[in-house]
A.B. asks: 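Sharing a structure below in structure tokens format, with a few things to ask.
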Amino acid sequence: MGLLPLSVAQGASDEAALRVAFVYNFIKFSEWPNQADSPALHLCVIGANRDVKEAITPLKGKPAITEKVDGKSVTKQAVELVFLEDPTSTLQQLKSCHVLYRPSRSTPIAIPDPLPLGILLIADDPHPSETNVSIALMRSRDGRIEFAISTAAVNLSGVNISSQLLKLSKNSQGGK
């Protein structure tokens, strides 16, 4: 078995970090139903490889919601990471998630369609037939990472996405 050249391995790590940065920004510009009922925002990562785990681990404890109190920013809710690695993950495990992130080359885990209310699915390079993907991260023809938002899937999730984020989307699809 050959080893990947360092530049290829570094490239995979850099891309994973860039995609994770997108995921965190999607969280910052979204609101979940009954979000105030939970002390943490559960970011569930499906079948992540080593590069994704290394890239996403720094998000643990980062603010998901901040509020100004006496002129200071106070974290009202922080990101909590949950790694779903078992292909037999149950619907009950998924129900604790606010965000499901499915990186490319992840372990195949069945994701229900439709998803339970309040779960936003973000997927790297999803198949066009996946109707439950709210936000798709993909490569453009010139190699940049772009995202598309399915407003139909977002509307079904009950999650509100900022109009600013919708404007930045490559193509917003479906919806009301």
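In what follows, every heavy atom counts, from backbone to side chain, and hydrogens, waters and symmetry copies are set aside.
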A.B. asks: If you take all heavy atoms of G158 and P33, which pair is closest and at what distance?
C.D. replies: O-CD, 3.4 Å
A.B. asks: Check whether any side-chain heavy atom of S163 lies under 4.5 Å from a side-chain heavy atom of F29, and answer yes or no.
C.D. replies: no
A.B. asks: Under 4.5 Å between side-chain heavy atoms, hopping through other hydrophobics if needed: is there a path connecting V23 to V154?
C.D. replies: yes
A.B. asks: Got a sec, which pairs hit disulfide (SG to SG under 2.5 Å) with one end in residues 105-151, sequence neighbours left out?
C.D. replies: none
A.B. asks: Atom OG of S162 and atom CG of N25: how far apart are they, to the nearest 0.5 Å?
C.D. replies: 11.0 Å
A.B. asks: For the atom pair CG (L81) and OG1 (T57), what is the distance rounded to the nearest 0.5 Å?
C.D. replies: 6.0 Å
A.B. asks: Just jot down the salt bridge (charged side-chain N to carboxylate O under 4.0 Å, His left out) partners of R141, sequence neighbours excluded, or say none.
C.D. replies: none
A.B. asks: Quick one: CG on N160 to OG on S30, what's the gap to the nearest 0.5 Å?
C.D. replies: 8.5 Å
A.B. asks: Is there side-chain contact between L43 and V82, with heavy atoms separated by less than 4.5 Å?
C.D. replies: no
A.B. asks: Mind running side-chain contact (heavy atoms from CB on, under 4.5 Å) on V20 and F22 for me, showing each step along the way?
C.D. replies: CA-CA 5 Å; V20 165; F22 271 96; over 6 Å; no
A.B. asks: What pair of heavy atoms forms the shortest contact from S169 to A148, and how long is it?
C.D. replies: OG-CA, 3.5 Å
A.B. asks: Closest approach of I135 and V133, non-hydrogen atoms and distance?
C.D. replies: O-CG1, 3.4 Å
A.B. asks: Taking the side chain as everything from C-beta on, heavy atoms only, tell me whether L84 gets closer than 4.5 Å to V45.
C.D. replies: no
A.B. asks: Would you please name every residue forming a side-chain hydrogen bond (donor to acceptor under 3.5 Å, both in side chains) with K60, sequence neighbours left out?
C.D. replies: none
A.B. asks: Contact between Y24 and V99 at the side-chain level, heavy atoms closer than 4.5 Å - yes or no?
C.D. replies: no
A.B. asks: How far apart are the closest heavy atoms of A64 and I27, and which atoms are they?
C.D. replies: CB-CG2, 4.1 Å
A.B. asks: Could you tell me if K170 sits above the aromatic ring of F147, with its cationic atom closer than 6.0 Å to the ring centre and no more than 45 degrees from the axis?
C.D. replies: no
A.B. asks: Is a side-chain N or O of E130 found less than 3.5 angstrom from the main chain of H127, in a donor-acceptor match?
C.D. replies: yes
A.B. asks: Take E80 and K62 through the test salt bridge (charged side-chain N to carboxylate O under 4.0 Å, His left out) and record every step on the way to the result.
C.D. replies: CA-CA 8 Å; E80 182 175 310; K62 279 201 159 214; over 6 Å; no
A.B. asks: Which pairs would a plain distance check flag for residues 113-124, meaning a side-chain donor or acceptor within less than 3.5 Å of a matching protein atom at least two apart in sequence or in another chain?
C.D. replies:
| residue | atom | partner | partner atom | Å |
| --- | --- | --- | --- | --- |
| D113 | OD2 | T131 | OG1 | 2.7 |
| D124 | OD1 | R19 | NH1 | 3.2 |
| D124 | OD1 | Y101 | OH | 3.2 |
| D124 | OD2 | Y101 | OH | 2.8 |
| D124 | OD2 | S104 | N | 3.1 |

A.B. asks: Do I161 and T151 pass the side-chain contact (heavy atoms from CB on, under 4.5 Å) test, and can you show the C-alpha distance, the side-chain angles, and the key distance before you say yes or no?
C.D. replies: CA-CA 9 Å; I161 292 184; T151 52; over 6 Å; no
A.B. asks: So, for P126 and A136, which heavy atoms are closest and what is the spacing to 0.1 Å?
C.D. replies: CG-CB, 3.5 Å
A.B. asks: Can you tell me how far apart CD1 (I149) and CG (L166) are? Round to the nearest 0.5 Å.
C.D. replies: 4.5 Å
A.B. asks: If the condition is side-chain contact (heavy atoms from CB on, under 4.5 Å), which residues does S140 pass it with, not counting sequence neighbours?
C.D. replies: D142, R144, E146
A.B. asks: Output the distance between atom CG (L100) and atom NE2 (H42), rounded to the nearest 0.5 Å.
C.D. replies: 12.5 Å
A.B. asks: Ring-plane angle category for W32 and H98, please: parallel below 30°, perpendicular beyond 60°, tilted otherwise.
C.D. replies: perpendicular
